[in-house]
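Reviewing the structure listed below.
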Number of protein chains: 2
Amino acid sequence: MKNEATVNPWEVKGEIDYDKLVKEFGTSIISNEIKKKFSKMHPLLRRGVYFSHRDFDKWLSAIENKKKISVLTGRGPSEKMHLGHLVPFFVAKSLQEEFDCQVFIPISDDEKFYVKPGLTIEKAKEFALDNILDLIALGFKPGKTLIFQDFIYTDIYKYAAQCAKKITYSEAKGVFGLTPEKNIGWSFYPAMQAAHILFPQFKEGKHLTVVPVGIDQDPFIRLTRDIAESFNFEKPAALHAKFIPGLSGNSKMSSSDTTNDVIYLTDTPEEVKKKINKYAFSGGQKTLEEHRKLGGNPDVDVSFQYLKFFFEEDDKKLEKIEKDYKSGKLLSGELKAILIEKVQAFLKEHQSKREKARKDVDKFLIKTEKL
Amino acid sequence: MKNEATVNPWEVKGEIDYDKLVKEFGTSIISNEIKKKFSKMHPLLRRGVYFSHRDFDKWLSAIENKKKISVLTGRGPSEKMHLGHLVPFFVAKSLQEEFDCQVFIPISDDEKFYVKPGLTIEKAKEFALDNILDLIALGFKPGKTLIFQDFIYTDIYKYAAQCAKKITYSEAKGVFGLTPEKNIGWSFYPAMQAAHILFPQFKEGKHLTVVPVGIDQDPFIRLTRDIAESFNFEKPAALHAKFIPGLSGNSKMSSSDTTNDVIYLTDTPEEVKKKINKYAFSGGQKTLEEHRKLGGNPDVDVSFQYLKFFFEEDDKKLEKIEKDYKSGKLLSGELKAILIEKVQAFLKEHQSKREKARKDVDKFLIKTEKL
């Protein structure tokens with residue numbers, strides 16, 4: 001059992017064999033044929049963080065057949081967002097840019113409220129607004145992007161109720177790891193999440209929605225696919241991501257591990273520099289001499305991974321960095337300096353857009369469907 | 001175990017020993033001291049259908065001390081309402097008349113939706129509106145009476161979430177008879193019901209609310225009282241009713257038993273006459289001769305019970321009916337004729353008020369708390 005990986009919505013540990021997961025979950029690998037349908041694919045898709053899917057080929061065919069499609073990805077709001085949280089949103093945004101489609105973003109302030117013992121409803125709502133500003137700052141199209149928050153757009157309860165009626169406690173228990181000691185908000189949340197995923201169809205009729213998620217979240221997709229047809233809806237499609245390491249090289253970037261393992265969207269240029277220099281796991285050698293002689297290993301180097309998946313879109317430039325690092329020409333510190341500059345530039349722009357987003361919130365947020 | 005009574009929110013059967021229930025549940029008998037505080041008590045209270053309470057004495061003291069108080073009683077909407085459904089509303093209305101207090105009426109269309117397999121959300125909402133018309137027709141004061149329906153006033157979800165966080169699945173299971181095969185809407189409903197009961201305090205701050213309910217519903221009150229203090233709210237008070245028999249004399253009037261066992265608020269004068277003459281259980285003797293000789297038994301006579309609890313408020317008149325019936329002077333058919341006339345008059349007025357209520361719905365219904 002040693003090194004056996006655990007991958008479910010509540011726990012990710014061990015060395016993950018993604019090919020095995022694809023087989024186990026019954027999903028499909030993102031093929032080159034799919035990749036060819038894009039004019040400009042986000043590095044997260046192009047370079048394999050998103051590696052598996054359900055019905056994404058059908059979603060792309062629907063576009064070719066001029067049928068309505070949409071993208072949905074949600075956020076359980078936390079005190080502040082970090083780079084890892086943006087993964088599905090970068091992809092959602094790139095799909096919106098490429099295909100001019102609607103994006104739906106449910107904000108599950110209620111989930112966080114149920115799950116975190118000390119969290120008040122007011123704080124949960126505060127975190128939600130904070131996170132929404134970060135999402136708007138990413139540049140989603142106003143009018144084509146609908147953000148809704150469970151404790152504000154409470155009409156979602158009607159849709160959740162309709163999903164709840166189709167999910168037994170037994171079923172939810174298996175997928176969500178419910179136990180009798182957990183509160184009954186937790187018991188209900190599977191219905192709320194299914195309502196989120198089906199919301200585009202509840203609102204705008206039957207059509208294909210694709211949901212970019214971490215592969216660990218696939219059980220939620222399956223549960224929702226199971227009930228979709230009973231509403232005469234399309235089964236939602238999914239894009240599955242591998243885990244992007246935290247700065248220390250941990251398999252899943254998470255702010256619950258340690259503050260120094262992630263780059264927050266609010267970090268200052270100095271903090272970015274310090275964190276990357278101090279904590280980013282390096283694939284370089286221990287001494288300058290050794291590095292020049294043996295070269296670094298980009299496959300385990302977190303700075304290189306971040307450039308690859310987030311910050312260096314240019315294939316040629318990335319290739320050169322990789323080559324130079326492997327050959328020992330590029331030192332770890334130099335590689336880190338490249339990343340630091342990119343992250344600082346990104347955050348500078350992001351933080352400025354975030355401030356401007358405050359006045360745009362009403363363009364994105366659905367508050368009620370009542371007159 | 002023969003004749004052992006079962007009394008819980010999901011089942012009422014057997015011969016019920018109300019004194020034993022009061023002991024078991026730890027409630028108090030409604031005392032003469034309490035009765036003295038009323039200038040005009042509804043027969044349902046005065047004549048003992050409401051027989052037990054929790055903190056109703058505190059509620060009355062609060063009035064004397066010029067403190068805010070309120071009354072709350074809810075309705076799980078059904079296709080159409082019958083006389084038995086009105087029991088808590090007659091009492092709520094009489095409390096409003098006597099003490100000029102606010103009345104809150106939650107309409108749990110969601111509960112019915114979760115529990116009834118074939119019921120759609122649209123039908124549940126339709127039944128809710130239908131039932132609301134009957135409630136408004138009873139004459140509650142506009143401006144002092146707030147009716148809210150879970151699938152319309154979805155902001156209730158925020159309050160339900162706050163209650164949900166304080167109730168584990170284990171706790172809810174015991175009180176609500178949850179099983180793993182039941183849907184997760186059902187699992188969540190205990191939180192919604194607690195939110196209903198605490199709603200007056202969520203909306204208007206800490207104060208005493210009294211809830212008239214059937215004694216079988218007391219476990220819900222207890223669960224809500226258990227969490228009330230953690231919100232710094234008053235524990236809700238309760239008034240407990242005995243079961244009023246159906247026409248056939250069954251212990252709990254219920255339309256799920258049979259259509260002929262209840263008088264619907266939509267029944268025509270002819271239906272009323274036919275139902276009472278044909279189905280109302282009689283305490284009279286088998287033959288005219290025997291009846292004149294031995295007299296009738298008002299204690300088991302359903303027509304007499306209905307006059308006593310609903311339709312003959314005048315103590316002297318009721319006493320005369322009772323005396324004449326016992327002596328054999330008043331025949332069963334004559335007793336039924338008195339009831340028929342009363343019920344027909346009540347329903348004629350009710351049905352006319354019900355039609356007028358359509359234009360008043362907006363004066364009573366809360367739809368949203370959003371601007």
Side-chain angles (χ1 to χ4, degrees), chain A residues 108-122 124-125 149-176 178-194 202 223 227 367-371, chain B residues 108-122 124-125 149-176 178-194 202 223 227 367-371:
Chain A
S108 54
D109 46 4
D110 52 345
E111 181 199 8
K112 290 292 168 184
F113 175 73
Y114 293 136
V115 169
K116 300 210 162 185
L119 188 63
T120 64
I121 202 163
E122 291 74 24
K125 285 169 74 177
Q149 184 181 340
D150 296 334
F151 281 147
I152 289 184
Y153 178 72
T154 52
D155 290 311
I156 192 68
Y157 176 63
K158 275 187 303 181
Y159 304 110
Q162 290 174 69
C163 295
K165 194 166 179 174
K166 298 181 190 289
I167 304 170
T168 67
Y169 183 79
S170 279
E171 288 163 343
K173 189 183 163 185
V175 176
F176 282 75
L178 301 178
T179 58
E181 312 80 54
K182 284 178 179 164
N183 69 58
I184 55 175
W186 209 316
S187 312
F188 186 69
Y189 188 72
M192 189 56 87
Q193 193 172 66
F202 275 121
L223 182 73
I227 67 170
K367 291 186 180 168
T368 174
E369 60 193 32
K370 287 164 205 123
L371 294 178
Chain B
S108 54
D109 46 4
D110 53 345
E111 179 200 7
K112 290 292 168 183
F113 174 72
Y114 293 136
V115 169
K116 299 209 163 188
L119 188 65
T120 64
I121 202 164
E122 291 74 24
K125 284 169 76 178
Q149 182 180 342
D150 296 334
F151 280 147
I152 288 185
Y153 179 71
T154 52
D155 291 311
I156 192 70
Y157 176 64
K158 275 187 302 182
Y159 304 110
Q162 290 173 70
C163 295
K165 194 166 179 174
K166 297 179 190 288
I167 304 171
T168 68
Y169 183 79
S170 279
E171 288 163 341
K173 189 182 164 186
V175 176
F176 282 75
L178 301 179
T179 59
E181 311 81 55
K182 284 179 179 163
N183 70 58
I184 54 176
W186 210 317
S187 312
F188 186 69
Y189 188 71
M192 189 56 86
Q193 192 171 66
F202 275 121
L223 182 72
I227 67 171
K367 290 186 182 168
T368 175
E369 61 193 32
K370 289 163 204 123
L371 294 179

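Letters A, B, ... are given to chains in the order of the sequence lines, protein chains preceding strands, and every chain is numbered from 1.
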| request: Let me know if B/I167 has heavy atoms under 4.5 Å from chain A in its side chain, its backbone, both or neither. | output: both
| Is it the backbone or the side chain of B/K158 that comes under 4.5 Å from a heavy atom of chain A, or both, or neither? | both
| said: Heavy-atom pairs under 4.5 Å with chain A - which of B/G185, B/P117, B/A160, B/A161 has more of them than the others? | reply: B/A161
As an exercise, state the distance from [atom1] of [X] to [atom2] of [Y], rounded to the nearest 0.5 Å.
X      : Y      : atom1 : atom2 : answer
A/Y189 : A/K112 : OH    : NZ    : 9.0 Å
A/L119 : B/K165 : CG    : NZ    : 5.0 Å
A/W186 : B/S187 : CH2   : OG    : 15.0 Å
B/K367 : B/D155 : NZ    : CG    : 13.5 Å

| Among A/T120, A/D110, A/D150, A/D109, residue most engaged with chain B (heavy-atom pairs, under 4.5 Å) | A/D110
| Heavy-atom proximity to chain B below 4.5 Å, by part of A/A172 | side chain
| Does any heavy atom of chain B fall under 4.5 Å from the side chain of A/E181, the backbone, both, or neither of them? | backbone
| So, for B/Y169 and B/P180, which heavy atoms are closest and what is the spacing to 0.1 Å? | OH-N, 4.1 Å
